[in-house]
Amino acid sequence: MSQSRLPDATPSALAEGLALHARLEAFVTDAWGRLRGCIERDTGLNEGLDDAQVVGYELVFASAELHAMREMLGYAKTCADADAAELETTLALAFAADATVKIRSRIDRVRHAIGIDSARYCASFEDEALLAFCRRWLAPAHLAATGARVLAAGGCGRSLLPEDKQIIAASFARVAEEVVAPRAEKIHREDLTIPDEILREIADMGCFALSIPERFGGTAPDGGHDNLAMVVVTEELSRGSLAAAGSPLTRPEIMARALLAGGDREQQAKWLPGIAQGQPLCAIAVTEPDCGSDVAAVRLKATRTEGGWLLNGAKAWCTFAGKAGLVLILARTDPDGAAGHRGLSLFLLEKPSTDEHAFEYRQPGGGTLSGQAIPTLGYRGMHSFTLFFDNVFVPAGNLVGGPGAEGKGFYLTMAGFAGGRLQTAARACGLMRAAFDAAARYAQERKVFGKRLADYQLTLAKLALLGASLRACREMTYHVARLMDEGQGQMEASLVKLYACRAAEQLTREALQIHGGMGYSEETAVSRYFVDARVLSIFEGAEETLALKVVAREKLATVPGIA
């Protein structure tokens with residue numbers, strides 16, 4: 001096979017990538033306008049999206065590819081401006097070409113449904129400049145050379161985080177490597193609850209305080225959040241173990257945001273200082289056996305009684321419910337089902353902590369809360385429980401926000417979930433880093449047919465594209481964290497969550513594949529990375545729900561319809 005000269009990652013090549021991004025973004029924006037026009041012709045915008053789910057889903061992922069492409073190219077431009085080495089730009093351009101191919105494929109699937117004719121489609125995606133760009137940066141020889149450079153550099157690009165965040169990252173990298181990683185396999189294989197040694201360490205490091213303002217004993221600014229710090233910490237801990245270190249931070253994140261958004265002063269003063277210290281640990285009970293991401297369909301009943309409320313019903317997938325001493329519960333206070341999301345309220349329930357996989361808590365007044373851990377493929381350590389509430393009493397003072405907040409539970413829950421979704425993207429990035437590093441090490445150690453895996457073109461090309469994807473997800477996550485620190489980025493948090501979580505599935509799959517048979521064995525950590533990654537696209541908002549009910553709705557609301 002002939003080898004052409006490898007392309008140079010010059011400033012002009014980067015400018016070409018940025019220009020290509022601008023053209024693709026205009027095309028996808030036009031596609032959103034066409035989808036809106038189609039919906040408005042047939043029904044109303046609010047009702048019609050359910051009849052256009054396939055188109056909406058594909059356009060959401062096309063938009064996610066564009067977002068990642070923009071952040072990757074911006075990262076490379078910053079590196080170039082700082083006189084950095086060529087590797088970052090090379091990775092960015094390969095990623096941009098790969099994203100272009102994926103966007104083209106997604107548009108091609110649905111273009112006829114929204115009236116994009118062949119002439120318009122070909123004018124954009126058969127354009128010679130676009131095709132030449134993709135040929136150049138996705139050439140097999142080029143990808144293999146890029147993969148070799150990634151291995152030689154010991155990673156896929158440098159961090160451009162501010163110095164204070166780099167110091168935080170280094171501190172938590174030590175915790176991940178020295179405290180979490182040595183225990184991670186035992187926790188997974190024996191399905192253990194996270195040991196106190198890990199929980200004490202991350203509590204002492206201030207992990208549970210990251211979402212809580214300084215006036216309540218936390219480390220977040222009193223006037224807002226430090227989402228970037230949360231992302232950096234979560235990413236590093238998830239590199240040690242997704243379930244045993246990266247995920248315990250999510251529940252206090254959601255609970256703290258809900259209390260800050262809607263809790264009264266007494267509730268904030270009572271609960272936030274303890275949460276900041278990890279005393280008590282937290283769980284969130286929203287999902288039910290018959291409703292997952294459809295939060296408005298919650299049916300757990302809360303009925304008034306003397307001094308408070310009685311809870312009756314069931315919850316499912318309540319992660320860490322056994323170990324937690326405080327549970328945030330979304331319940332229906334308006335018995336009229338037609339009230340939908342307007343009939344929901346949030347409650348705080350105190351309970352004893354346990355490491356067991358099943359528990360029963362009997363209240364002095366006769367109420368009973370019982371829980372049973374759900375066996376899962378991966379994500380072991382925290383355990384997700386099915387909970388049964390039988391006349392469980394909650395004092396009136398534990399209705400979040402007090403009497404005036406009755407019926408506002410849905411909105412307070414959503415306030416907490418945006419941060420949780422961003423944090424899940426960071427968890428995906430940490431898991432991807434662990435899997436990528438394992439694959440890179442194994443490829444350099446394992447010999448097949450007389451050569452190292454790392455000496456084969458296909459292995460190197462895989463590592464180049466996987467490394468580019470990992471870097472793009474990290475930069476995209478950091479960007480959304482900065483947006484949220486500025487009070488923006490609610491939709492983008494959902495976008496980066498669904499994109500990074502899907503990328504984690506692909507990367508861990510390929511990391512396992514590079515390991516071959518050993519990857520399928522529980523003797524290697526990469527098997528754990530693979531099964532852990534699969535849950536990411538499901539929890540904290542299922543991929544389909546985020547795509548259609550959050551991202552697509554906002555995209556359609558911000559473009560004019562094209563007839």
Side-chain angles (χ1 to χ4, degrees), residues 71 75 78-79 82-85 87-88 91 150-184 194 197-212 214 218-221 225-250 252-253 276-278 422-441 467 470-482 484-485 500 504 507 525 529:
E71 293 310 313
Y75 162 78
T78 303
C79 289
D83 296 323
L87 176 60
E88 286 79 5
L91 283 170
V150 167
L151 290 178
C156 43
R158 295 157 305 133
S159 172
L160 298 180
L161 289 166
E163 185 177 359
D164 63 324
K165 300 302 186 289
Q166 293 195 43
I167 292 171
I168 292 172
S171 298
F172 283 94
R174 179 194 63 78
V175 175
E177 292 160 9
E178 297 178 8
V179 180
V180 179
R183 297 173 171 86
I194 303 173
E197 298 94 318
I198 291 178
L199 292 171
R200 278 198 301 269
E201 182 73 22
I202 62 178
D204 290 345
M205 292 285 288
C207 290
F208 299 124
L210 290 165
S211 303
I212 296 173
E214 293 175 352
T219 57
H225 298 279
D226 190 346
N227 288 285
L228 188 54
M230 172 64 77
V231 160
V232 168
V233 171
T234 300
E235 181 184 328
E236 291 297 340
L237 291 178
S238 297
R239 191 167 60 87
S241 169
L242 174 70
S247 290
L249 281 62
T250 306
E253 163 88 6
Q277 299 176 37
L422 173 65
Q423 196 184 24
T424 300
R427 288 189 277 179
C429 290
L431 184 62
M432 291 167 74
R433 285 176 60 195
F436 181 87
D437 290 346
R441 285 194 303 271
L470 169 56
R471 172 54 62 186
C473 288
R474 294 179 74 187
E475 295 308 316
M476 191 177 178
T477 304
Y478 300 157
H479 169 70
V480 176
R482 293 185 180 100
M484 291 187 68
D485 282 340
L507 191 150
Y529 304 148

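Taking 4.5 Å as the limit, some side-chain heavy atom of I202 sits within range of a side-chain heavy atom of L237. Within the 4.5 Å cutoff, the side chain of Q423 has heavy atoms near those of the M230 side chain. When side chains are defined from C-beta on, E214 does not count as touching T219, because their heavy atoms never get closer than 4.5 Å. L210 is not listed as a side-chain neighbour of T234, based on a closest heavy-atom distance of 4.5 Å or more. Considering only heavy atoms from C-beta on, L249 stays 4.5 Å or farther from S211 through its side chain. Between S247 and R427 there is a side-chain heavy-atom pair separated by less than 4.5 Å. Counting heavy atoms from C-beta on, the side chains of K165 and D226 come closer than 4.5 Å. With a 4.5 Å cut-off on side-chain heavy atoms, R433 and E235 count as touching.
The two residues A440 and L151 make their nearest non-hydrogen contact at CB-CD2, 3.7 Å. For A481 against V231, the heavy-atom pair with the smallest separation is CB-CG2, 3.9 Å. Contact detail for A500 and C473: the closest heavy-atom pair is CA-SG, 3.9 Å. Closest heavy-atom contact between C79 and R158: SG-NH2, 3.6 Å. Contact record, G155 with L87: O-CD2, 3.9 Å, taken as the closest heavy-atom pair. The two residues G240 and A184 make their nearest non-hydrogen contact at O-CB, 3.7 Å.
Using modelled atom types and a 3.5 Å distance limit, the side chains of Y478 and R482 yield no donor-acceptor pair. Side-chain contact, R474 with T477: no donor N or O sits under 3.5 Å from an acceptor N or O.
Under the rule for a side chain to side chain contact (heavy atoms under 4.5 Å, CB included), the partners of A276 that lie at least two apart in sequence or sit in another chain are A209, I212. R471 pairs by the side-chain hydrogen bond (donor to acceptor under 3.5 Å, both in side chains) definition with E475, not counting sequence neighbours. The side chain to side chain contact (heavy atoms under 4.5 Å, CB included) search around A220 returns none, not counting sequence neighbours. Residues passing the side-chain hydrogen bond (donor to acceptor under 3.5 Å, both in side chains) test with D485 are N227, sequence neighbours excluded. Shown here are the salt bridge (Lys or Arg N to Asp or Glu O under 4.0 Å) partners of R239, two or more places apart in sequence or in another chain: E177, E236. E253 is linked by a salt bridge (Lys or Arg N to Asp or Glu O under 4.0 Å) to R257, counting only residues two or more places apart in sequence or in another chain.
In this structure, E197 places its CD atom where more than 12 heavy-atom neighbours from other residues, nucleotides or ligands lie under 6.0 Å away.
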Derivation of the side chain to side chain contact (heavy atoms under 4.5 Å, CB included) call for F172 and V179: CA-CA 10 Å; F172 283 94; V179 180; over 6 Å; no
Candidate pair M205 and R174, rule side chain to side chain contact (heavy atoms under 4.5 Å, CB included), full reasoning: CA-CA 11 Å; M205 292 285 288; R174 179 194 63 78; 4.2 Å; yes
Side chain to side chain contact (heavy atoms under 4.5 Å, CB included) evaluation trace for V150 with L91: CA-CA 9 Å; V150 167; L91 283 170; 4.0 Å; yes
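The line from CZ of F208 to CG of L199 is 5.5 Å long, rounded to the nearest 0.5 Å. A distance of 8.5 Å separates CG in L507 from CG in L431, rounded to the nearest 0.5 Å. Taking NE2 of H479 as the reference point, atom CE of M476 lies at 8.5 Å (rounded to 0.5 Å). Here the SG atom belonging to C156 is positioned 9.5 Å from the CD atom belonging to E88, to the nearest 0.5 angstrom. Atom OH of Y75 and atom OG of S159 lie 7.5 Å apart (nearest 0.5 Å).
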